[in-house]
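Here's the structure, in structure tokens; my notes come after.
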Number of protein chains: 2
Amino acid sequence: MEKITINDIARLTGLSKGTVDRVLHNRGEVSKKSYQKVMDSIKELGYEPNLYASLLARAEQKTIALLLPAHQPGTYWELAAKGEAKAQAAIKPLSLTTRQFNYNQYSADSFREACTRVLESNPAGVVMAPMFQYETQVFAQELQARGIPYSLIDTKLETPGYLSFYGIPAYKSGYLCAAMLIGEGPVKEVLVVRIMRDKGRQSDPTVLRRSGFMDYMLEHNPGCTIRSLFIDPEDPAATDDALDAFFTEFPGVRHIAMLNSRIHLIVPFLERHPADIRVVGFDNLDANLDALKRGTITALIAQRPEEQVHQAIQSLANRIVFQRFPEKTDNYQHMDILIRFNAEDY
Amino acid sequence: MEKITINDIARLTGLSKGTVDRVLHNRGEVSKKSYQKVMDSIKELGYEPNLYASLLARAEQKTIALLLPAHQPGTYWELAAKGEAKAQAAIKPLSLTTRQFNYNQYSADSFREACTRVLESNPAGVVMAPMFQYETQVFAQELQARGIPYSLIDTKLETPGYLSFYGIPAYKSGYLCAAMLIGEGPVKEVLVVRIMRDKGRQSDPTVLRRSGFMDYMLEHNPGCTIRSLFIDPEDPAATDDALDAFFTEFPGVRHIAMLNSRIHLIVPFLERHPADIRVVGFDNLDANLDALKRGTITALIAQRPEEQVHQAIQSLANRIVFQRFPEKTDNYQHMDILIRFNAEDY
DNA sequence: TGAATTTCCGTGCACGGTAACGGAAATTTT
DNA sequence: AAAATTTCCGTTACCGTGCACGGAAATTCA
């Protein structure tokens, strides 16, 4: 019942606590025989180290690095960055901090460069939202070689030995998006708006979302024409023109979806040309939520990115401080459906 | 930059750490002059106690009491009870545990009795899901008198000095429920199924939900007939008969809602008499989720009760260990909309 | 004024682990 | 076989607080 301490196993094995400590942290200088004896009685007595005593004696601050795409205010990655603060508060009593590193999500070079900055900071763990398959692999290998645990959020790339993943299922989210878009009745024609810049190099989740979207259409609403329109997020005027041209050509379209967080880009146009259109997009950016509350956007599929970074950081903290591994490696999270009547408390 | 310790302020004030410690925990035996000197230099140096050292030296486990309605497997309060485990893991490093006390949600006597059991256990904090306005007030006053902080979940009753509240907005949840039930088109006739036992003494959230439901109807779907049907949760056969009788009398009804977690009770009937009926209910009980995935239930409004207890416990832990108060007292949480396409990862 | 209290405060050990230091024992080298 | 290493281990001084104990100083009592 009473707590087993390092002294108890020292006494039991006839060794000193110095030796016991050495085996606990395997920092060598212990004979195989002693090592075995200590390990045995640790198991026998069910010894668990006292966290406070340990932290007090070390008194050293470890840090967890956060590797995220750089973000402008009002964009998706800003939401994730906000999760850092909450997580920080939670892990502070564990003598841990976080530090954020950013990269340009459209440049592999910048990602590589950020990776070396992360390594230079000598982190105790890394949380990353990866964008580049190959570069991420290389980085993951380096982390593994150095024995630095890491977790993934948002995008699950196939990298060796990640501790955990947190994100929504990309394929299913596209499927859900289609379901929300179609609503009850069958639909003849829908528009999927896309981002120009993504045309060349599509991110992994975007591709999967599209395929989920398409599959829903095939299964539940076949014979529907799916039209695409590419817009430039940097150029609102051109976006307006593009939409104008589109609706001149296809005036019957009453269903619009976007498979990323930028749905707010078409809101100004829609509000200048009111019509009874179902509009579905992703993520709880302020601009999206506002349009949702006004009724311009019908539904949003949201994923609590703050929660994702929080959880990822927490799992690393458990690993680093307690040597505890998460129960599940892949944690697919709930996709929140937001409509105007439940957006307020989000 | 380097940490200020108790010794630093001892040195600065020319007193000993023993004295400093006495003022820190105001356990008396200190002259006013010394007290003032210590307080001043604490402020001056910005001293913050070292949590580990403190916990290590005390080595005493405080406990947070959880006061919840007793629960059968597969009922709502079981979900909340599950949150206890998660919270427990989170606060363990803070030398805190939780302990659950249950009461019969239909008996004020049993609630009172549970309250005295809680007090006898001498908890450092209390989380409760209250059902009885008056008894809860009395209990809250007692807690306040003893200086025991407490938080509320689920139902926000007006009690003095609670630390925090976590739950969904009851009125709005009824409103949302109606919105999900009606869907796109106007509806002529809906059925709201209710629980017999609740007829006499309706809980606070149920009343508010009903009023939100009604208001939505008035505002968005006026002229709709709202029919009620009472069923007995203990008697499936009677439930079936009642539904049978109802649909014989009103065969046109194609919309059913229930404003509590028991929607699964009518699922067997619905599956024996297939028809294209929209069915909306509350909470992610396994039975509800299963019916949702099968398509019998159209939508569920869920509220993550585990999260609510987790958060409430966390806020108490911060209060107890760090003397930190939550930013917001009333934390209304997001109402999750579950449909068959996003139920899987919930 | 001396004795008896009371008030106030310093000392020192305990909490459980960490890691530097130095030395004995075992092993290798010359 | 003595010297030089290497391997292995015990000792010890912390880390920052909590708290019991005892004693000096101030106050009250006789």
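Since this is a predicted model, take the numbers as computed values, not measurements. Chain letters run A, B, ... following the sequence lines, proteins first and then strands; every chain starts at 1.
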Think [X] has a side-chain N or O under 4.0 angstrom from the OP1 or OP2 of [N]?
| X | N | answer |
| --- | --- | --- |
| B:T19 | C:dC8 | no |
| B:Y47 | D:dT17 | yes |
| B:S31 | C:dC9 | yes |
| B:S34 | C:dC8 | no |
| A:T5 | C:dG16 | no |
| A:H25 | C:dA19 | no |

Residue closer to the 5' end of DNA chain C, B:L15 versus B:L56 (nearest nucleotide):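 It is B:L15 whose nearest nucleotide is closer to the 5' end.
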
First of A:I6 and A:E29 reached from the 5' end of DNA chain C, by closest nucleotide: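 On the 5' side of the pair lies A:I6.
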
What is the separation between atom [atom1] on [X] and atom [atom2] on [N], rounded to the nearest whole Å?
| X | N | atom1 | atom2 | result |
| --- | --- | --- | --- | --- |
| A:L24 | C:dA19 | CG | P | 11 Å |
| A:I9 | C:dT18 | CD1 | P | 11 Å |
| B:N7 | C:dC9 | CG | P | 18 Å |
| B:K3 | D:dC14 | NZ | C1' | 18 Å |
| B:K17 | C:dG10 | NZ | P | 12 Å |
| B:D21 | D:dG16 | CG | P | 15 Å |

Exercise: do A:Y52 and B:N50 side chains pair donor with acceptor under 3.5 Å: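 Judged by distance alone, the side chains do not pair up.
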
Closest to the A:A57 side chain, choosing from C:dG17, C:dG10, C:dA20: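 For the A:A57 side chain, the nearest candidate turns out to be C:dG17.
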
Sugar-phosphate, base or nothing in reach of B:N50, heavy atoms under 4.0 Å: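 Counting heavy atoms under 4.0 Å across all strands, the contact made by B:N50 is with sugar-phosphate only.
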
Sugar-phosphate, base or nothing in reach of B:Y35, heavy atoms under 4.0 Å: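 Counting heavy atoms under 4.0 Å across all strands, no contact is made by B:Y35.
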
Short side-chain to backbone donor-acceptor contact, A:Q137 and A:E158, under 3.5 Å: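 Between the backbone of A:E158 and the side chain of A:Q137 there is a qualifying donor-acceptor contact (under 3.5 Å).
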
Gap between atom OH of A:Y103 and atom CG of A:L68 - 0.5 Å precision: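 Atom-to-atom, A:L68:CG and A:Y103:OH are 7.5 Å apart.
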
Approximate separation, where rounding is to 0.5 Å, of A:L157 CG and A:T136 OG1: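 Separation between the atoms: 5.0 Å.
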
Ionic contact status for B:D109 with B:R112, cut-off 4.0 Å: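 A salt bridge is present here (some side-chain N lies under 4.0 Å from a carboxylate O).
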
